[in-house]
Amino acid sequence: MSLLDIRNLSVRFGAPDAIPVVDGLDLSVDKGEVLAIVGESGSGKSVTMMALMGLIDAPGIVRADSLRFDGHDMLTLKGRQRRKVVGKDLAMVFQDPMTALNPSYTVGFQIEEVLRQHLGIKGKAARVRALQLLERVEIPGAASRLDAYPHQLSGGMSQRVAIAMAIAAEPKLLIADEPTTALDVTIQAQIMDLLLDLQRSEGMGLVLITHDLAVVAETAQHVCVMYAGQAVEIGSVPTLFDAPTHPYTEALLKAIPEHSLGAERLATLPGIVPGRYDRPVGCLLSPRCPYAQPHCREQRPALEPHVRGAVRCFYPLNLTAEVA
Amino acid sequence: MLSFIARRLGLLIPTFFGVTLLTFALIRLIPGDPVEVMMGERRVDPEMHAEAMHRLGLDKPLPAQYLDYITKLAQGDLGESLRTREGVWEEFLTLFPATLELSLAALLFAGTLGVIAGVIAALKRGSLFDHGVMGVSLAGYSMPIFWWGLLLIMFFSVYLGWTPVSGRIDLLYDIEPKTGFMLIDTLLSEEEGAFKDALMHLILPAIVLGTIPLAVIARMTRSAMLEVLREDYIRTARAKGLSPARVVFVHGLRNALIPVLTVFGLQVGTLLAGAVLTETIFSWPGIGKWLIEAIGARDYPVVQNGILLIACLVILVNFVVDILYGLVNPRIRHQR
């Protein structure tokens, strides 16, 4: 049984019949597996994980056939029982480290808080453990950083602290929501290396939400490509890169600058993600899809499994391609 | 931090001179002089009047009078009351504890109730409670103190008979002023019922004086809390699996209190201004009532130096609040 199993998840804001931000999403993550979720801004990547963490407040409405994590039904788990899972076995690192830490408390306090809450470690023992964690996330001069306030840290350093906080209770699944987007390019690679190193050494599952397909290619075992709140393609690395079956995945891969070397312009996918008022009747990608048929504009495709994964397209590409 | 304190202290000097100049000028702008008031209804003999004015040094040109005043002040001499012949400083010291007791009670009332109401209103945003608190606080803020005070006296003291109408304590009790705080002195005196009596005397004036600060603090806490609850670090705290109470109070309120504390400090000025009215309504023997009487008697030294002392107090409180601000907000503390 997989560690995380999401079936038909939908998230809406406002009325129960509002247009879903996440629509019929299926996902699963195994123990120690790295799953990447990619897609452009607003495609519902973060909202999916926020729903799992229970961070969607009214007027948000979360529905699913199944939202299971490590044997817990996260849909019905409430209050104290939920808080025994969230922050302990299931932890999350957010996008902007400069605002994710509480400015009024020291780094040490914020890490020790997790240790006290979930492991019952207090006082001197907690401080020792917090120091170990700071060393584990490779913060230089860790001992002197315990009493530092977030405003005294750089962005990269803050993200390391946020990671230390997230792994403090040794989670089984870590969700990293674009953990490097707000950071300098040079720091981005360091943070990614750190996350993967932690994932391997601790044997955690890792859900990596990202824009960066190069990172996905290097790190993930599985990929979920999202578009307008739906999973359009689920596949494994590297086959998805060699033979994308969904036109959107293909367009994303073409848009990687390295693939346009020597060309005058970068390859792009014209148009934008459909909004609330211009949602197509048929396939959500149909207005932008170079392969769209009349049929695509009238009917909405379902996510259908195939030999190498699953795809939400009436006319998938490369299905018969030979993949090593 | 030291240079910060030094800079703040440096700013005190011009403020200080401004206050002396203002009070000196304003009290002399009111028609009449101390001698006339003392003579009362009787016709004043011009010669006696001139002689008395000369004796008080009030016949000199105004700049010379101001210079006299400042020179004495520089020597630490606050002068004496024209009415009672008592030193202004001594009178201030005897009366101030009464005002301080009243103000502290008002602040305690406004601070606790204001923060609690503000937090609940923010958590239940848009609810009936929220609208109720905000409506009532707007009404409280707009309420003229003297009218509000009379209203409460009429309802609680006259109609219901729950609380006494005026003063600090019933005449039955003879309390030795050890600390000047009636609540503490009555406890020390071990006279039966005295503490309760003092408390009952304190409740209404404290509520009246605390009403405006209460309204301001409740509104400020609510808006600060709403802003803080939207912050990313609140989401982080929730993702850590902390209890809702811990998220709200440890991670939220601590940050929301920073702007509230500033408002709190600014309210001390409002509070002392309100104390003048409140003390007059409730015949509370504090510096507010003292100043009103001094103005009526054109008691120049008391008015000038009494107001100067209050101004210093307001400045001092704001100074302390600035330092507290640094304690609550580490980002200020570390600015060099």
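Below, read A as the first sequence line, B as the second, and so on, with proteins coming before strands; counting in each chain starts at 1.
In the displayed structure, B:Phe181 atom CZ is contacted under 6.0 Å by more than 12 heavy atoms of other residues, nucleotides or ligands. Shown here is A:Gln132, whose CD atom has more than 12 heavy atoms of other residues, nucleotides or ligands within 6.0 Å. Within a 6.0 Å radius of CZ in B:Phe17, other residues, nucleotides and ligands contribute 12 heavy atoms or fewer.
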- Message: Under the criterion salt bridge (charged side-chain N to carboxylate O under 4.0 Å, His left out), I'd like the reasoning laid out for A:Asp57 against B:Arg235: C-alpha separation, chi angles, the key distance, then a yes or no.
- Response: CA-CA 11 Å; A:Asp57 291 321; B:Arg235 186 185 58 191; over 6 Å; no
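Contacts of A:Asn102 classified as side-chain hydrogen bond (donor to acceptor under 3.5 Å, both in side chains), with partners at least two apart in sequence or in another chain: B:His251, B:Asn255. Looking at residues two or more places apart in sequence or on another chain, you find a salt bridge (Lys or Arg N to Asp or Glu O under 4.0 Å) between A:Arg136 and A:Asp197, A:Glu202.
Contacts of A:Ala91 with chain B are absent, with no heavy-atom separation under 4.5 Å from either backbone or side chain. Interface residue A:Leu101: only backbone heavy atoms are found under 4.5 Å from chain B.
For the pair B:Ser243 and A:Arg83, the tightest heavy-atom approach, listed with the atom from each and the gap, is CA-NE, 3.4 Å.
Looking at B:Arg254 and A:Pro103, their side chains never come closer than 4.5 Å, going by heavy atoms from C-beta outward.
For residues 46-54 of chain A, a heavy-atom distance under 4.5 Å to chain B picks out A:Met50, A:Met53, A:Gly54, given by residue number. Using a 4.5 Å heavy-atom cut-off against chain B, the contacting residues of residues 105-118 of chain A are A:Tyr105, A:Phe109, A:Gln110, A:Glu113, A:Val114, A:Arg116, A:Gln117, A:His118.
Ranked by non-hydrogen atom pairs under 4.5 Å with chain A, the options B:Ile258, B:Thr236, B:Leu242 are led by B:Leu242. Of the listed residues A:Val86, A:Leu90, A:Val85, the one with more heavy-atom pairs under 4.5 angstrom with chain B than any other is A:Val86.
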